[in-house]
Amino acid sequence: MRVYEINDHIKKYSFGEVFQTDTVVIKGKEIKEQPLEFLKKTLNNQFLYILDDEDIVYGLGENVRGINKRGWIYESFCTDEFSHLPNKKSLYGAHNFLIVYGKETFGIFLDYPGRAIFDVDYSKRNELKITTEDDNLDIYIIKGKNLNNIVQNFRNLIGESYVPPKWAFGYQQCRWSYKNEEEVEEVLDNFKANNIPIDCIYLDIDYMEDFKDFTVNKKNFPNFKSFIEKMKKKGVRLIPIIDAGVKIEEGYDVYEEGIKNKYFCVDENNNPFVAAVWPGVVHFPDFLNKDARLWFGKKYKYLIDQGIEGFWNDMNEPAIFYSKKGLEKAFKKIEEAKGKNLGIYDFFDIKDTFPRLANSMEDYRSFYHNVDGTLVRHDKVHNLYGYNMTRAASEGFDYIDDNKRFLLFSRASMIGMHRYGGIWTGDNTSSFEHLELNMKMMPSLNMCGFMYIGADTAGFGDNTTDDLAIRWSQFSIFTPLFRNHSALGTRRQEPYAFDGKATEIIKNSIEIRYALIPYIYSEFMKATINNDMYFKPMTFEYNDSFVNRIEDQLIVGDSIMIAPIYKQNAKGRYIYLPEEMLLWKAKKYHSEEFEIINKGHSYIDVAIDEIPIFIRKDKILVLEKPAENIDSMKNNEINIVAFLDKESEYKLYDDDGKSKDYKKGKYNEINIKVINKNNDIEVKIDVKGNTSINKINVTAITLDGKRILKEVILN
Ligand code: MIG
């Protein structure tokens, strides 16, 4: 074991020959060997920590179950898993960061690209056990003043999170698939006819020609470039999907260049590995090979040159429907069984032969990456694949225009990828349980550095219901990525696809999202720049013994707390407040009924058209009049609501929304202070940089329920 001091808060313990994942951005210096803190190494590839009964274990990013991960066993092995049930151990991401909170409080980060198992108080009471496939790994122990600070220290270690363009905070509509120009335009026209704001429409796999990356189906999109332009004029951007597998087809340039330059993963015999996904048989680009990565990344230019400004990367676990070898074996097995008198277990085995072909470990063990000249077996570095596909895209974008922000998110991910793109949480189903899961995943993902995140709103698989679409939209208005998406064959679930009342409520929710943009963008950017979280469990801000148990109320940014409705037919819910808060049951962006809710347990009524938003004490919520899309928002007059005890303060961040200049400190900030002066308020404004905002309408509600209004003109 080698020990490194990264800084005052972090130590790295290095075992064996560590594969460089490029996740960590600070090297640190080697110090003399000292025992691993907190954890005990029980076997070569196993670490143990004994939890106290009251300890909470946070982290593990995109995963099933609760915010507190105790009581289950999780696996980091990026998986194309469409069933997000609590019996699953692994979804699309590999997010090896945990925080133990309680008797001892510290963070653990496992920098390891292979399969890792986190047994959190599952197999044996109070044991937190981390097991890896081999003992080549780095373990980081991260300390800090408190939970937030541990996350900050960890995020500092892994580098700054990806930031999308500002328009990516608008509402986005997806479906598998809008098949041609007419259909895409019809979707937009429906939004316009119903006056529902929208910023993006997605193109799923059918826009391609035979599912070939970087091609466009000429029959369905005959004038792709001018169509993109036309749609942009009408106010939306089109976001195409890119899949990991490259179709094997003579004459297809991506295939031929890949073959010529040896840019594909290879099998044991050094021939390009053959698997099947949507295009039929494919090769997988070797994203771990830096030349192949840059080559693939530059391919995005084909679509960018036609006006595309954002992408979603799919199937990059990589998902495998079957491999050539696997299929041959399966046929052989069936052939051999023919004519035999099969026992029933043999029959079941035969019956499952084909389903078992998908995403099999045998296949993941049978192909290789070329990492700087060395062949590395895929399963040992599996979790790096989606990460590096997204890195490829990002490196390609930088090559094309290194100061432009593109929209980019991925299905598979590992920590490290957070610097290159966001993630959507994959194929959930249209159930209230998955809305609940969505809510619980968000803070866990923020801990791991993923900031631009969101789930398929209203649910991907199965048929949604209008009340689920409403409740889910009412939650998703707070997620940075707010996208409604549904699977092939399911009922339509665009906001206008429901009866008039449901459509109206969803429309109002989307308008509230746009009204919240100044706040959401400001909080997202500040959190990203400062390595803070945008979504936080209550425990990260309050400390009492009941707060620790809450998993269905979240702090969103600095000023508000939300208590989503995630049960069908619920007309309200129980909440717990660690201090008094101002409740806004938002129905319309300009509705202004506020109510002070006292500290402690309460039940609040929440009608189907209401979104409960709680403004914290001495904090400020910022709103603006919505518009048909982000680019049309005027950004000159804002409304603020202060829940005022002594003094409410807010720092409103904004920037150009499209360049990376914010990294050089080019952004503007308006510091707003509302001070309680008995029966009046004083408002202090301090502007840094150039702002287009010239008027602030202040509503202050004091602790004793007084409402004080003021208009402030900026010059
Ligand atoms: O095997 O492109 O998660 O969002 O609509 C399914 C079709 C492939 C999976 C993605 C989903 C997308 C779908 N894709």
Side-chain angles (χ1 to χ4, degrees), residues 62 78-84 88 90-93 172-180 183-184 187 200-217 220 238-247 275-282 284 303 310-323 354-355 357-360 363 385-386 389-390 407-413 417 421-430 434 437-438 441 453-464 472 476 479 481-494:
E62 182 184 57
C78 299
T79 310
D80 173 12
E81 177 57 75
F82 62 87
S83 157
H84 304 179
K88 292 293 149 46
S90 187
L91 299 177
Y92 316 86
Q172 316 189 27
Q173 186 63 54
C174 188
R175 177 159 175 94
W176 178 14
S177 295
Y178 299 130
K179 284 212 166 65
N180 52 39
E183 205 180 332
V184 172
V187 171
C200 302
I201 296 180
Y202 279 70
L203 301 178
D204 207 321
I205 44 177
D206 297 294
Y207 81 89
M208 293 183 256
E209 186 187 297
D210 300 329
F211 308 123
K212 285 184 292 194
D213 283 335
F214 314 115
T215 69
V216 175
N217 183 307
N220 297 332
L238 302 185
I239 313 295
I241 195 170
I242 303 292
D243 277 8
V246 169
K247 185 173 174 68
V277 216
W278 288 107
V281 282
V282 300
F284 290 127
L303 293 159
F311 299 88
W312 49 314
N313 283 345
D314 191 20
M315 305 298 278
N316 50 3
E317 293 71 26
I320 297 179
F321 293 164
Y322 65 82
S323 68
F354 287 99
L357 288 177
N359 309 320
S360 85
D363 284 338
Y385 195 74
M389 178 184 181
T390 300
L407 170 58
L408 177 63
F409 56 90
S410 172
R411 193 172 70 178
S413 63
M417 198 198 85
I423 62 178
W424 97 98
T425 58
D427 300 346
N428 57 18
T429 54
S430 296
H434 281 182
L437 184 61
N438 179 190
M441 264 185 205
I453 50 175
D456 288 350
T457 298
F460 175 75
D462 294 343
N463 292 326
T464 199
W472 210 322
S476 292
T479 62
L481 166 61
F482 177 13
R483 188 182 75 147
N484 173 317
H485 180 35
S486 52
L488 194 70
T490 59
R491 74 174 279 187
R492 298 298 289 241
Q493 63 180 43
E494 294 83 2

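Ligands are counted one by one from 1 in listed order, and the atoms in each one are counted from 1 as well.
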Query - Verdict with supporting geometry, V187 and R492, side chain to side chain contact (heavy atoms under 4.5 Å, CB included) - result: CA-CA 11 Å; V187 171; R492 298 298 289 241; 4.2 Å; yes
**Report entry** Sole residue of F354, F211, W278 in ring-ring contact (aromatic ring centres under 6.0 Å, His included) with F321
**Finding:** W278
Requested in this report: Check each heavy atom of W312 against ligand 1 and say whether those closer than 4.0 Å belong to the side chain, the backbone, both or neither.
Outcome: side chain
Requested in this report: Check if F460 has a non-hydrogen atom at a distance under 4.0 Å from any atom of ligand 1.
Outcome: yes
Query - side chain to side chain donor-acceptor pair (under 3.5 Å) between Q172 and Y202, intermediate numbers included - result: CA-CA 8 Å; Q172 316 189 27; Y202 279 70; 2.3 Å; yes
**Report entry** Given I453, L91, I423, the one that forms side-chain contact (heavy atoms from CB on, under 4.5 Å) with S413
**Finding:** I423
Query - Element-labelled atoms of ligand 1 that are located less than 4.0 Å from some non-hydrogen atom of M315 - result: 1 (O), 8 (C)
Query raised in the report: Under 4.0 Å from any heavy atom of D427, which atoms of ligand 1 are there?
Result: 3 (O), 4 (O), 9 (C), 10 (C), 11 (C)
Query raised in the report: What protein heavy atom sits nearest atom 4 (O) of ligand 1, and how far off is it?
Result: H485 NE2, 2.9 Å
Query raised in the report: Considering only the protein, which heavy-atom contact is closest to atom 1 (O) of ligand 1, and what is its distance?
Result: W278 NE1, 3.0 Å
**Report entry** Whether W424 and W312 hold their rings parallel, tilted or perpendicular, with breakpoints at 30° and 60°
**Finding:** perpendicular
Query raised in the report: Can you check side chain to side chain contact (heavy atoms under 4.5 Å, CB included) on V216 and L203, steps first, answer last?
Result: CA-CA 11 Å; V216 175; L203 301 178; over 6 Å; no
**Report entry** D204 N/O to ligand 1 N/O under 3.5 Å
**Finding:** yes
**Report entry** From the candidates D314, I241, V277, the one that places a heavy atom nearest atom 13 (C) of ligand 1
**Finding:** D314
